[in-house]
*Asks:* 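Would you mind keeping the following structure in view while I ask a few things?
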Amino acid sequence: MKLEVLVITLFALSVLLAGCVSDVTPVDTEYDANERDAVLVTERQQIDDALVNGPVLLKIGAEWCPPCTQLDPVLDELARDYEGRATVMYIDSELTPGLAGQFSVYSIPDTTVIAGIEDGNYLFMRRGGVTDTSRNKARVIGYVDKSVLEPILDHAIEYHSNMTE
């Protein structure tokens, strides 16, 4: 219990001190945040269940963070584009700080692609198609265009299909 409180406190403090990471990007004014294609994660088991069907692109952010909300339309577009091959999910660090804290988030938005589970640990896809058990080496911080995330997802899909053959 004390460890969980410590993790939550450290997470909250790191988010408050670090702030959001942002490039200046226009917000899509026609985007409806109430109609999301990406899946809201409230329990880690949702991620594990989705990994059975393919890789998971996971963003951790918050509604009060402008770069996080700017990334939402990109994620929803990727969710539609990769439907049936990968699952796009997001954690709202305000709603579930304990879950977000399990991923050692220090700045938001923080996005990674989980390619699978190996020996009980997540296997993350790095840029260039290299898998790693270290999320730090695979994370994408800040707002990015979908062209940054697509190749990582493509490598993860290829990896997942090779593992299930």
Side-chain angles (χ1 to χ4, degrees), residues 7-8 11-12 14-16 18-117 122-127 129 135 138-161 164:
V7 168
I8 292 169
F11 171 73
S14 67
V15 169
L16 290 174
C20 295
V21 176
S22 173
D23 290 334
V24 177
T25 343
V27 176
D28 183 355
T29 56
E30 295 181 25
Y31 177 72
D32 183 357
N34 295 319
E35 295 184 24
R36 299 293 315 269
D37 292 299
V39 178
L40 173 64
V41 178
T42 57
E43 298 176 357
R44 192 175 179 122
Q45 188 62 47
Q46 290 173 270
I47 299 168
D48 296 349
D49 292 345
L51 284 168
V52 171
N53 300 316
V56 170
L57 185 152
L58 178 67
K59 178 201 87 167
I60 302 170
E63 284 187 31
W64 53 261
C65 167
C68 299
T69 57
Q70 288 174 332
L71 189 56
D72 289 346
V74 173
L75 295 180
D76 290 336
E77 185 175 344
L78 287 168
R80 291 187 298 275
D81 292 350
Y82 284 85
E83 184 175 1
R85 298 181 293 149
T87 305
V88 178
M89 306 179 104
Y90 66 99
I91 296 173
D92 185 325
S93 60
E94 291 289 305
L95 294 176
T96 53
L99 180 60
Q102 291 177 25
F103 290 94
S104 303
V105 176
Y106 57 83
S107 188
I108 55 175
D110 182 328
T111 308
T112 51
V113 175
I114 306 169
I117 299 176
Y122 288 141
L123 191 59
F124 300 96
M125 184 58 65
R126 294 171 56 182
R127 295 178 197 209
R135 188 164 121 49
R139 67 179 66 202
V140 177
I141 302 293
Y143 172 87
V144 292
D145 187 75
K146 77 178 206 171
S147 64
V148 173
L149 299 170
E150 286 173 320
I152 301 169
L153 262 174
D154 291 339
H155 287 302
I157 290 167
E158 181 180 344
Y159 174 84
H160 188 268
S161 67
T164 56

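If you're wondering where the values come from, they're calculated on a predicted model, not measured in any experiment. We number each residue from 1, following the sequence as shown.
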*Asks:* May I have the step-by-step check of side-chain contact (heavy atoms from CB on, under 4.5 Å) for V56 and V41, ending in yes or no?
*Replies:* CA-CA 11 Å; V56 170; V41 178; over 6 Å; no
*Asks:* How far apart are the closest heavy atoms of M125 and A115, and which atoms are they?
*Replies:*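 Closest heavy-atom pair between M125 and A115: CE-CB, 4.2 Å.
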*Asks:* In the structure I gave you, are the side-chain heavy atoms of V88 and D37 within less than 4.5 Å of one another anywhere?
*Replies:*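 Heavy-atom side-chain distance check fails, nothing below 4.5 Å.
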*Asks:* Using a cut-off of 6.0 Å, state whether more than 12 heavy atoms not belonging to E150 lie near its atom CD.
*Replies:*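 More than 12 within 6.0 Å, yes.
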*Asks:* For the atom pair CG (D154) and CZ (R85), what is the distance rounded to the nearest 0.5 Å?
*Replies:*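 Rounded to the nearest 0.5 Å, the CG-CZ separation comes out at 6.5 Å.
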*Asks:* Within a strict 4.5 Å, meaning less than it, do heavy atoms of the L123 and Y159 side chains meet?
*Replies:*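 When only atoms from C-beta onward are counted, Y159 and L123 do touch, with a gap below 4.5 Å.
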*Asks:* Should W64 and I108 be marked as a side-chain contact (heavy atoms from CB on, under 4.5 Å) after you check the CA-CA gap, both sets of side-chain angles, and the distance that decides it?
*Replies:* CA-CA 11 Å; W64 53 261; I108 55 175; 4.0 Å; yes
*Asks:* For the residue pair N53 and T87, establish whether any side-chain heavy-atom pair is separated by less than 4.5 Å.
*Replies:*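 Not touching, per the 4.5 Å side-chain cut-off.
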*Asks:* List the atom of H160, the atom of P55, and the distance in Å for their closest heavy-atom pair.
*Replies:*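 In terms of heavy atoms, the two residues are closest at CB-CD, 4.0 Å.
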*Asks:* Let me know which of D48, D49, T42 forms a side chain to side chain donor-acceptor pair (under 3.5 Å) with Q46.
*Replies:*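 One option only clears the test, and that one is T42.
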*Asks:* Just wondering, do I152 and V140 contact through their side chains at under 4.5 Å, heavy atoms?
*Replies:*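 A side-chain contact under 4.5 Å exists here.
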*Asks:* Consider only side-chain N and O atoms of Y90 and D76, and report whether a donor and an acceptor are under 3.5 Å apart.
*Replies:*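 Judged by distance alone, the side chains do not pair up.
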*Asks:* NE2/H155 to CD/E158 distance, rounded to the nearest 0.5 angstrom?
*Replies:*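 Separation between the atoms: 7.5 Å.
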*Asks:* So how far is it from Q102 CD to L99 CG, rounded to the nearest 0.5 Å?
*Replies:*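 Rounded to the nearest 0.5 Å, the CD-CG separation comes out at 5.5 Å.
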*Asks:* Any chance you could measure C65, atom SG, to I60, atom CD1, to the nearest 0.5 Å?
*Replies:*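 Output value for this atom pair is 12.5 Å.
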*Asks:* Where do R139 and V105 come nearest, in terms of heavy atoms and distance?
*Replies:*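 Heavy atoms only, the tightest pair is NH1-CA, 4.2 Å.
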*Asks:* Going from CG on L57 to CD1 on I114, what distance comes out if it is rounded to the nearest 0.5 angstrom?
*Replies:*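 Reported to 0.5 Å precision, the distance equals 9.0 Å.
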*Asks:* List the atom of F124, the atom of A138, and the distance in Å for their closest heavy-atom pair.
*Replies:*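 Heavy atoms only, the tightest pair is CB-CB, 3.6 Å.
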*Asks:* Looking at side-chain heavy atoms only, is the closest gap between Y122 and I117 below 4.5 Å?
*Replies:*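 Yes - at least one pair of side-chain heavy atoms lies under 4.5 Å apart.
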*Asks:* Could you check V144 against T111 for side-chain contact (heavy atoms from CB on, under 4.5 Å), going step by step and ending with a plain yes or no?
*Replies:* CA-CA 9 Å; V144 292; T111 308; 5.9 Å; no
*Asks:* Is there a side-chain contact between Y82 and L153, using heavy atoms and a 4.5 Å cut-off?
*Replies:*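 Yes. Closest side-chain heavy atoms under 4.5 Å.
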*Asks:* To the closest 0.5 Å, what do you measure between CE (M89) and CG (L75)?
*Replies:*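 Between M89 CE and L75 CG, I get 12.0 Å after rounding to 0.5 Å.
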*Asks:* K59 versus C68: any side-chain heavy-atom pair under 4.5 Å?
*Replies:*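 Sidechains of C68 and K59: in contact.
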